[in-house]
Amino acid sequence: MFEMEYGRAICYSGYREGQSPVTETYPTYDQIVEDMKILEKHGFKYIRMYDPVSYAEMTCQVIRDLGLNIKLMLGPGLISEVNNPGCPWLKTNYSAEELAERAKFNDKRIDDLIRIANEYSDVINVVSIGNENTPDWGANNVPVERLVSFAKRLHEETDKPVTFNEGAFEWPRIPQIAEQMDIICVHSYPLWHGVSVEDGLAENKEWYQKIKETYPDKPVIFSEVGWATKSKPGTEMGEGQTNEANQKKYYDEFWAWADEEQIIAYMFEAFDEPWKGGNDPIEAEKNWGIYYVDRTPKPVME
């Protein structure tokens with residue numbers, strides 16, 4: 001069974017004001033240096049990135065150039081290959097030809113992931129076949145058989161352990177994918193289910209135990225777990241739950257448990273991301289960072 005040495009871990013999407021993966025405006029080399037020094041200073045041993053683009057390659061180069069003790073999990077950044085009427089915020093009606101083109105895009109993303117993983121084998125420690133590509137509500141859904149084929153390619157064409165980053169609710173439903181995995185990577189967000197900060201850790205523990213029992217021969221880690229500091233009224237999040245004090249409480253309790261049990265958990269996320277969502281600055285999507293977008297720390301990291 002594959003095992004990662006225990007260490008603190010965090011998701012890294014370091015887009016500043018005016019930068020966005022949508023417009024392919026990425027952080028500069030010097031900005032990535034700044035970010036990596038911040039994360040190393042605070043003891044993060046593992047980072048996770050989502051797309052095999054020039055930004056990820058440059059991050060690998062920065063880690064190599066600075067000789068940092070940081071390892072990177074990298075995913076392919078897949079887009080949807082099916083129309084999903086169950087997605088509440090994105091109704092698509094792609095033609096068969098358009099869906100075929102989208103599948104070609106994903107094939108190219110897997111090609112790029114393989115190339116980067118091999119060129120930066122000293123930095124990348126895990127490769128992923130995708131991120132939240134199977135939920136009923138998903139905007140980027142990909143058929144299970146395609147995800148399985150990606151796993152087989154990554155096993156054959158890299159020497160890295162292979163994972164899939166998916167929500168806690170979904171993992172019990174996808175044994176075909178789990179069978180191909182070296183690591184089960186779980187996303188757990190009590191906040192999105194209206195759970196209070198007082199009960200957040202208990203829900204994470206419950207899901208961790210359930211998935212361990214479902215796949216007892218596989219190592220299980222968290223690849224996303226976090227607490228937003230702002231949110232719009234009327235969302236699934238409980239009223240008054242999204243603030244800096246609760247984020248600190250949540251992280252302090254989670255880290256105490258994870259440190260004691262030696263459970264790797266990629267916290268979501270390093271820095272606030274203003275590019276996400278719409279124009280309202282209090283949307284939760286923009287406010288999951290444990291640092292503000294200007295790189296000053298929130299209370300949890302002070």
Side-chain angles (χ1 to χ4, degrees), residues 1-12 42-48 73 126 128 131-132 134-137 161 163-175 177-179 181-229 231 235-270 284 287-290 298-301:
M1 181 185 292
F2 172 80
E3 290 188 9
M4 289 172 61
E5 181 182 357
Y6 180 69
R8 292 277 175 92
I10 197 159
C11 298
Y12 172 57
H42 286 98
F44 291 103
K45 183 174 181 176
Y46 302 111
I47 63 172
R48 177 188 170 204
M73 175 191 293
V126 180
S128 172
N131 181 71
E132 295 184 350
T134 68
D136 295 339
W137 49 262
T163 192
F164 178 46
N165 307 99
E166 189 53 281
F169 285 98
E170 278 64 51
W171 269 113
R173 308 172 186 170
I174 48 173
I177 294 177
E179 183 180 355
M181 297 296 102
D182 297 301
I183 311 167
I184 305 292
C185 274
V186 180
H187 296 176
S188 180
Y189 286 109
L191 180 59
W192 272 120
H193 309 142
V195 176
S196 71
V197 70
E198 287 77 18
D199 297 324
L201 179 59
E203 177 156 311
N204 287 320
K205 288 180 176 180
E206 181 179 339
W207 273 111
Y208 181 77
Q209 187 59 36
K210 180 175 182 177
I211 294 170
K212 287 282 287 183
E213 292 171 356
T214 303
Y215 302 115
D217 60 336
K218 303 284 185 178
V220 176
I221 68 175
F222 291 99
S223 56
E224 284 187 19
V225 60
W227 200 270
T229 52
S231 65
T235 67
E236 298 92 335
M237 299 176 180
E239 184 176 352
Q241 287 296 314
T242 50
N243 56 62
E244 294 172 2
N246 280 356
Q247 184 189 59
K248 176 174 172 52
K249 175 178 173 61
Y250 180 77
Y251 273 88
D252 287 349
E253 292 179 357
F254 190 97
W255 271 326
W257 171 63
D259 286 346
E260 181 179 358
E261 299 295 328
Q262 301 282 282
I263 297 169
I264 292 173
Y266 289 77
M267 312 312 292
F268 188 85
E269 60 187 320
N287 293 286
W288 289 89
I290 57 176
K298 294 184 183 179
V300 66
M301 298 307 295

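The first residue of the sequence shown is numbered 1, and numbering continues consecutively from there. Small disclaimer: the values here were computed from a predicted structure and weren't measured.
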The side-chain hydrogen bond (donor to acceptor under 3.5 Å, both in side chains) partners of Y189 (sequence neighbours excluded) come to E224

*Step by step, would you call I211 with K218 a side-chain contact (heavy atoms from CB on, under 4.5 Å)?*
CA-CA 9 Å; I211 294 170; K218 303 284 185 178; over 6 Å; no

inquiry  = Let's go through M4 and V126 carefully: what are the C-alpha distance in whole Å and the side-chain angles of both, what is the deciding distance for side-chain contact (heavy atoms from CB on, under 4.5 Å) to 0.1 Å, and is it a yes or a no?
reply    = CA-CA 10 Å; M4 289 172 61; V126 180; 4.1 Å; yes

side-chain hydrogen bond (donor to acceptor under 3.5 Å, both in side chains) filter on E206, not counting sequence neighbours, yields none

message = Between E132 and W137, is there a side-chain heavy-atom distance shorter than 4.5 Å?
response = yes

Value for CG (D259) from OH (Y6), rounded to nearest 0.5 Å, stands at 3.5 Å

Contacts of E213 meeting side-chain contact (heavy atoms from CB on, under 4.5 Å) (sequence neighbours excluded), chain-then-number -> Q209

Sorted by chain and number, sequence neighbours left out, ring-ring contact (aromatic ring centres under 6.0 Å, His included) with F222 holds for Y208, F254

Do F164 and I174 touch side chain to side chain, with heavy atoms closer than 4.5 Å? yes

> Can you check whether R48 reaches N165 side chain to side chain, under 4.5 Å on heavy atoms?
Replying inline: yes

Inspect the surroundings of CD in E261 and state if more than 12 heavy atoms from other residues, nucleotides or ligands are less than 6.0 Å away. yes

Residues at least two apart in sequence or cross-chain that pass ring-ring contact (aromatic ring centres under 6.0 Å, His included) with Y251, listed by chain then number, are W255

inquiry  = Within the structure provided, determine whether T242 and N287 are in side-chain contact (heavy-atom separation under 4.5 Å).
reply    = no

Value for NZ (K45) from CD1 (I47), rounded to nearest 0.5 Å, stands at 14.0 Å

Between the NE2 atom in H193 and the CG atom in D199, the distance rounded to the nearest 0.5 Å is 14.0 Å

Between the CG atom in N204 and the CD1 atom in I263, the distance rounded to the nearest 0.5 Å is 9.5 Å

By side-chain hydrogen bond (donor to acceptor under 3.5 Å, both in side chains), K298 pairs with (sequence neighbours left out) T229, D272

Treating S188 as the side-chain partner and A168 as the backbone partner, does any N or O pair qualify as donor plus acceptor under 3.5 Å?
no

Applying salt bridge (Lys or Arg N to Asp or Glu O under 4.0 Å) to E260 and not counting sequence neighbours gives none

Rounded to the nearest 0.5 angstrom, the CD-CD1 distance for E269 and I290 is 9.5 Å

For this session: Would you check if Q247 and W288 make a side-chain contact, meaning some heavy-atom pair closer than 4.5 Å?
Result: no

By ring-ring contact (aromatic ring centres under 6.0 Å, His included), Y266 pairs with (sequence neighbours left out) none

Is any side-chain heavy atom of N131 closer than 4.5 Å to a side-chain heavy atom of H187? yes

side-chain contact (heavy atoms from CB on, under 4.5 Å) filter on D136, not counting sequence neighbours, yields R173

Once the angle between the rings of W227 and Y250 is folded into 0 to 90°, is it parallel (under 30°), tilted (30 to 60°) or perpendicular (over 60°)?
tilted

Backbone N/O of V197 and side chain of Q241: donor-acceptor pair under 3.5 Å: yes

Applying side-chain contact (heavy atoms from CB on, under 4.5 Å) to T214 and not counting sequence neighbours gives K210

| request: Indicate yes or no: at least one non-hydrogen side-chain atom of T163 is less than 4.5 angstrom from one of I221. | output: no

Shortest non-hydrogen pair, P299 vs K248, comes out as O-CD, 4.0 Å

Under 3.5 Å, is there a donor-acceptor pair between the side chain of E203 and the main chain of V195? no

| Is there side-chain contact between K212 and I184, with heavy atoms separated by less than 4.5 Å? | no

The side-chain contact (heavy atoms from CB on, under 4.5 Å) partners of A270 (sequence neighbours excluded) come to I10, L39

Has W192 got a side-chain atom pairing as donor or acceptor with E236's backbone, closer than 3.5 angstrom? no

Q.
If you apply the rule side-chain contact (heavy atoms from CB on, under 4.5 Å), what do you find for M267 with V225, and how did you get there?
A. CA-CA 5 Å; M267 312 312 292; V225 60; 3.7 Å; yes

Nearest heavy-atom contact between I264 and A9 is CG2-CB, 4.2 Å

Here the gap from S223 atom OG to I183 atom CD1, rounded to the nearest 0.5 Å, amounts to 10.0 Å

Margin query: Whether E253 and K249 form a salt bridge (side-chain N of Lys/Arg under 4.0 Å from carboxylate O of Asp/Glu) is what I want to check.
Written below: yes

Taken in chain and number order and not counting sequence neighbours, the residues that satisfy side-chain hydrogen bond (donor to acceptor under 3.5 Å, both in side chains) with E179 are none

